[in-house]
Number of protein chains: 2
Amino acid sequence: MRKKEGNKEQAILNAAIQVFAQYGYHKAKVTDIAELAGVATGSVYLYYENKEALLTTIFEQLWQAYTAVLRETVKRTDIDPLQKIDAIVDLFFSMFISNPSLALVFVNEHHQLVKNKRGTVAKYFAGFLELAEEIYREGVRKHLFDASIDVRIFRDFLTGGMRNVLRQWADHATTTPLDRIRDNVKHFIKHGLIKR
Amino acid sequence: MRKKEGNKEQAILNAAIQVFAQYGYHKAKVTDIAELAGVATGSVYLYYENKEALLTTIFEQLWQAYTAVLRETVKRTDIDPLQKIDAIVDLFFSMFISNPSLALVFVNEHHQLVKNKRGTVAKYFAGFLELAEEIYREGVRKHLFDASIDVRIFRDFLTGGMRNVLRQWADHATTTPLDRIRDNVKHFIKHGLIKR
DNA sequence: TTTTATAGTGAATGACAATTCAGCTGTGTA
DNA sequence: TACACAGCTGAATTGTCATTCACTATAAAA
């Protein structure tokens, strides 16, 4: 028998994140990923079925971690819906703070994975949207949130906005610290643009 | 001499919008675009330098029309900054109301065109962001807008949110009419989620 | 030490699709 | 009628990778 030389599976996945972030999924070459990971091209296919499997694995791991915590948060009865929205936003940004490349892959390739409604990633995302809607309805029931907003428009605007601020941060990682962005987003979601 | 048979240039561009919208730029085949336009594959290259030129032409025409009107709006002194924000949103959505495919191309391919900071499209977009920031600062000066929001975060959240609600509309064109989405977005931008 | 099973390699293969170009077509002109 | 010439064609060319697989290396077992 031959021993495995270190954790190639993880090294390849990390390399994939870097290369996908830099070139985008479609222009990224499997050979470049292998080279960055320090393995031969063929080794990628020992651990992952094909190029697409690299992308889906990245997203599945991310969503699994995110939704596990979110479900717990939504269930809680000791915090109000407003604090739940805050928790969603906090948690979302916290997943990327130490990994701007992961953020870029997430925002740039999100759509093509969700487009395929059969995939695991689409199911995770649908579950996430359902949670967001639930919180919104809870907020309306408790007379905290503005009832005149359409739930779907609210959630789509929110997710689109968050993806885009995350992208800007990841593209120019040095400019504005992520926690400042996070606090601004939370404030804007609650109060909008107009001075109170 | 031989006469040109109808407006192939425009037919090809329209076909490109359809095919890009359906498959995404990277998976779209030039041959499919030619077939849909009712011309031979080679004819595409009589009118456009390459596949990418199709995409940039679509965006340049769109941005040219949008920014021309926007510049006029921002200059106006008879309306307040709030009404200017409304005008930006109204105009943005109105450009797509009769063409969901164009909306899909716009939201899905926007980023790869802006990434290349040298291109014409990136310049149009930078100009647009500058206008948005200007309106925001005018609103703060006039004590209408909340001064605690970071301009860049405001504009990034706004553009990301608008792109995403537009995408949802274009993907399921029958569900919610675009003018209802537009009004919800305007309301949310102004007042946020919390009941007043 | 030899055998064997698994890990890893990277050049070769094959598929796919952007782009080209040699030739065909139709129209105006002489 | 015949020539010229721009418009148009689509099969052939070409480049680019994703994926494969015949081969090598290594470590445990015999």
Side-chain angles (χ1 to χ4, degrees), chain A residues 1-60 105 108-109 112-113 115-116 119 121, chain B residues 1-60 101 104-105 108-109 112-113 115-116 119 121:
Chain A
M1 256 216 268
R2 185 181 175 179
K3 218 202 257 169
K4 290 198 181 184
E5 305 164 5
N7 192 346
K8 305 217 160 167
E9 189 169 346
Q10 191 60 49
I12 291 167
L13 204 65
N14 290 338
I17 292 171
Q18 300 303 319
V19 176
F20 287 161
Q22 181 166 9
Y23 299 103
Y25 175 76
H26 287 289
K27 288 186 189 159
K29 299 177 206 167
V30 173
T31 300
D32 287 349
I33 294 171
E35 191 180 9
L36 185 61
V39 303
T41 308
S43 295
V44 172
Y45 292 88
L46 295 175
Y47 296 97
Y48 300 94
E49 189 175 347
N50 50 33
K51 186 181 172 185
E52 207 189 344
L54 286 166
L55 192 62
T56 51
T57 303
I58 293 167
F59 272 77
E60 280 168 17
V105 177
N108 290 328
E109 319 301 342
Q112 65 175 297
L113 282 186
K115 210 167 37 176
N116 171 22
V121 177
Chain B
M1 256 213 273
R2 184 180 176 183
K3 217 200 261 176
K4 290 198 182 186
E5 303 164 7
N7 192 346
K8 306 217 161 170
E9 189 169 347
Q10 192 58 48
I12 291 166
L13 205 64
N14 290 338
I17 292 171
Q18 301 303 322
V19 177
F20 287 161
Q22 182 167 8
Y23 299 103
Y25 175 76
H26 287 288
K27 288 186 189 159
K29 298 178 207 166
V30 173
T31 300
D32 287 349
I33 294 171
E35 191 181 5
L36 185 61
V39 302
T41 309
S43 295
V44 172
Y45 292 88
L46 296 175
Y47 295 98
Y48 299 93
E49 190 175 347
N50 50 34
K51 186 181 172 185
E52 206 188 346
L54 286 166
L55 192 62
T56 52
T57 304
I58 293 167
F59 273 78
E60 280 168 16
S101 293
L104 278 181
V105 177
N108 291 329
E109 318 303 341
Q112 66 175 297
L113 282 186
K115 211 166 40 176
N116 171 22
V121 176

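Throughout, a chain's letter reflects where its sequence line sits, starting with A, and its residues are numbered from 1. Source: prediction; values computed, not measured.
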Whole angstrom value for the distance that separates [atom2] of [N] from [atom1] of [X]:
X        : N       : atom1 : atom2 : result
Leu54(B) : dA18(C) : CG    : P     : 11 Å
Tyr23(A) : dC17(D) : OH    : C1'   : 14 Å
Asn50(B) : dA17(C) : CG    : P     : 17 Å
Tyr47(A) : dT6(C)  : OH    : P     : 14 Å
Glu35(A) : dC17(D) : CD    : P     : 14 Å
His26(B) : dC16(C) : NE2   : C1'   : 16 Å
Leu46(A) : dG10(C) : CG    : P     : 13 Å
Lys51(B) : dT20(C) : NZ    : P     : 15 Å

When you measure from the side chain of Ala40(A), which nucleotide among dT9(D), dT19(C), dT9(C) comes out closest?
->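 Among dT9(D), dT19(C), dT9(C), the one nearest the side chain of Ala40(A) is dT9(C).
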
Options dA7(C), dA11(D), dC8(D), nucleotide nearest the side-chain atoms of Thr41(B) =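 When the side chain of Thr41(B) is considered, dA11(D) is the closest of dA7(C), dA11(D), dC8(D).
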
Are the side chain of [X] and the backbone of [Y] linked by a donor-acceptor contact shorter than 3.5 Å?
X         : Y        : result
Lys51(B)  : Tyr25(B) : yes
Lys27(B)  : Gln22(B) : no
Glu109(B) : Leu55(B) : no

Hey, does Val44(A) reach any base, or is it just sugar-phosphate, or nothing, if we go heavy atoms under 4.0 Å?
->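 No contact.
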
Looking for any heavy atom pair under 4.0 Å, which part of the strands does Tyr48(B) touch: base, sugar-phosphate only, or nothing?
->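 It contacts nothing in the nucleic acid.
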
Has [X] got a side-chain N or O lying under 4.0 Å from the OP1 or OP2 atom of [N]?
X        : N       : answer
Lys8(A)  : dA7(C)  : no
Tyr45(A) : dG8(C)  : no
Lys29(B) : dA18(C) : no
Ser43(B) : dT9(D)  : yes

Measure across Ala16(A) and Ile33(A) and return the closest heavy-atom pair with its distance rounded to 0.1 Å.
->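 So the two residues come closest at N-CG2, 3.7 Å.
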
Going by distance alone, is a donor N or O of one side chain under 3.5 Å from an acceptor N or O of the other, for Asn14(B) and Gln18(B)?
->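 Per modelled atom types, Asn14(B) and Gln18(B) side chains form no pair under 3.5 Å.
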
